[in-house]
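In the text below, chain A, chain B and the rest are named by the order of the sequence lines, each starting its count at 1.
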Amino acid sequence: MINKPSLPQGTRDFNAAVIRKRNFIFSTIKNIFEIYGFQPLETPAMENFETLMGKYGEEGDRLIFKILNNGLSNEKNIEKTKAGFEKLLEGKNSTDITERALKYDLTIPFARYVAMNHTKLTFPFKRYQIQPVWRADRPQKGRYREFTQCDADVVGSKSLYNETELANIYHQVFCELRITNYELRINSRKILAALAEACGGNEKMVDITVAIDKLDKIGIDKVKIELEERGLTTIQIETIEKFLNITGSNQQKILALHEMFGKNKLAAEGMQELAFVQNHAIPETNLVFDFTLARGLNYYTGVIFEVKAPAEIKMGSIGGGGRYDDLTGLFGVNDIPGVGISFGVDRIYDVMEELNLFPEDLQIGPKAIFFNMGQKEVDFAFNIMQNLRNHGIACEIILEEMKIAKQFSLAEKKNIAYAIIIGEKEIEQNYCQVKNLATGEQHVVVLENLVEFLGKMP
RNA sequence: GUAGUCGUAGCUCAGUUGGUUAGAGCAUCAGAUUGUGAUUCUGAGGGUCGGGGGUUCGAGCCCCCUCGAUUACCCCA
């Protein structure tokens, strides 16, 4: 009994039409990365499990796709396998069962790469990376188990100009994709740290940020309840509420924050960072200071970014990133600060599809197709076709005999621009009919001139 | 990991309180029509009703399990 074939949950096949649209996004992003001086890097689909473990928080670890070791049932491994499995059942991980995992993002593998190669790299080192990543998350709208990230990171530079450049990359990419009303939210972890300090200490930072990050979604009252559940006192919650009530323009927000934190050093630094980015960057309609922005990943230390899709689309963030002081420290190489951003191509695709933003001329097939007017004619046309191909003109020939009407609809489905008809008469008199399939216009072209003719036609 | 909704032809969907052999439109194929895409007409093929089990004289419909899709939560791009 043969089962119906299917795909693993959350994965997709991409047909030609989809790939052309995806490539449009990829090439737009890639070009701009290159213009800003970033160089490409690719890393393996899988990493050693230990490389990824513990880098994304508890929730993140749960979502890493683990790869089962080979040879588990091999006699000499069987004791180890059993012991390892016992550990798994206790909720622990065991390298006796899994030594490798699919990569979860591009940042940690990049940090691993930098740590491994830091003696050979020239700093500041700028790389971009466009590759699929995998997460064992439950799929839903805009969420896939296999999706592609486009990252750009600079390591070995503390300059805030990097943040500014990255903000401008976001702006330039989204303008080119015509997602003009995207929103780039930025915050600084230092401001959040200052808030945590004002609320009884750094160890409260995670609790506070996780809760206030949800303000948009669940509202102030529920945030307060969550803060209470997380052990914050009433006075501390009042402070946080005051913090969350800061609204207005970016300028007004800074003023209010200034008033609230006074001379607090961390807060002042954070505000300075945000102001710096704003002064060198993009329109305020796109750049929004958002002090509630936290971002889950623990390794961020300075400015953090998150890109929101246009408000009319219900979609999570379509990009994110931030500054990390010591990412490679996780791999034993200290003092390499960095900052990076990421584009979520799959979500950008969904947004563009919904807003109908893809250019119409992306769907191009071969330029010409030779109709089948009989076996002898095919034989003749084949050589003409090869000559076109040798001149770089994409074309094909219909090898099966079929009715003319069908040949036309076939050509149309393949998005082919021109039909070339060579029948008995044409062979005798050394010409062909070239029909523009979009307009219906038909030309008589002498065979010697066909390359030149098609070369000139759009 | 938790919860809701859904699953009938290639696609979009009908299908009565459970009742004969499960339907339509579109698409496909063949013919009218052996050198120009349309229209029209005629005909044809196509279904383990997601899968398994149960209740029943009888299940596409009711019950249980399971798989998949989708949406939301958690978290995230």
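Helical stems of RNA chain B (runs of at least 3 Watson-Crick or G-U pairs, donor-acceptor distances under 3.5 Å) are listed by first residue: B:1-7 with B:67-73, B:10-13 with B:23-26, B:28-32 with B:40-44, B:50-54 with B:62-66.
Among pairs with a residue in residues 221-232 of chain A, those fulfilling salt bridge (charged side-chain N to carboxylate O under 4.0 Å, His left out) read A:D207-A:R230, A:K214-A:E226, A:K224-A:E241, A:E226-A:R230, at least two apart in sequence or across chains. Each salt bridge (charged side-chain N to carboxylate O under 4.0 Å, His left out) pair with one or both residues in residues 23-44 of chain A, not counting sequence neighbours, would appear here, but there are none. Residue pairs meeting the ring-ring contact (aromatic ring centres under 6.0 Å, His included) criterion with at least one partner in residues 362-383 of chain A, sequence neighbours excluded, are A:F371-A:F408. The salt bridge (charged side-chain N to carboxylate O under 4.0 Å, His left out) analysis of residues 363-385 of chain A, with sequence neighbours excluded, yields no pairs.
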Mind listing the side-chain donor-acceptor pairs of residues 442-458 of chain A below 3.5 Å, one per line with the distance, residues two or more places apart or on another chain?
{"from": "A:Q442", "atom 1": "NE2", "to": "A:Q433", "atom 2": "OE1", "distance (Å)": "2.8"}
{"from": "A:E448", "atom 1": "OE1", "to": "A:N430", "atom 2": "ND2", "distance (Å)": "2.8"}
{"from": "A:E448", "atom 1": "OE2", "to": "A:N430", "atom 2": "ND2", "distance (Å)": "3.4"}

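When the side chain to side chain contact (heavy atoms under 4.5 Å, CB included) test is applied to A:R145, the partners found at least two apart in sequence or on another chain are A:Q9, A:F65, A:P139. Residues passing the ring pair (Phe, Tyr, Trp, His ring centres under 6.0 Å) test with A:Y104 are A:Y56, sequence neighbours excluded. Under the salt bridge (Lys or Arg N to Asp or Glu O under 4.0 Å) criterion, A:E396 pairs with A:K414, sequence neighbours left out. Checked against side chain to side chain donor-acceptor pair (under 3.5 Å), A:Q386 has the following partners two or more places apart in sequence or in another chain: A:R389.
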Could you list all N or O pairs between the protein and nucleotides 69-73 of chain B that sit under 3.5 Å apart?
{"from": "B:A69", "atom 1": "OP2", "to": "A:Q9", "atom 2": "NE2", "distance (Å)": "3.1"}
{"from": "B:U71", "atom 1": "OP2", "to": "A:K141", "atom 2": "N", "distance (Å)": "2.6"}
{"from": "B:A72", "atom 1": "OP2", "to": "A:Q140", "atom 2": "OE1", "distance (Å)": "3.2"}

Q.
Return a single string for nucleotides 30-40 of chain B, one symbol per nucleotide in 5' to 3' order, where B is base contact, S is sugar-phosphate-only contact and - is none, cutoff 4.0 angstrom on heavy atoms.
A. -----BBB---
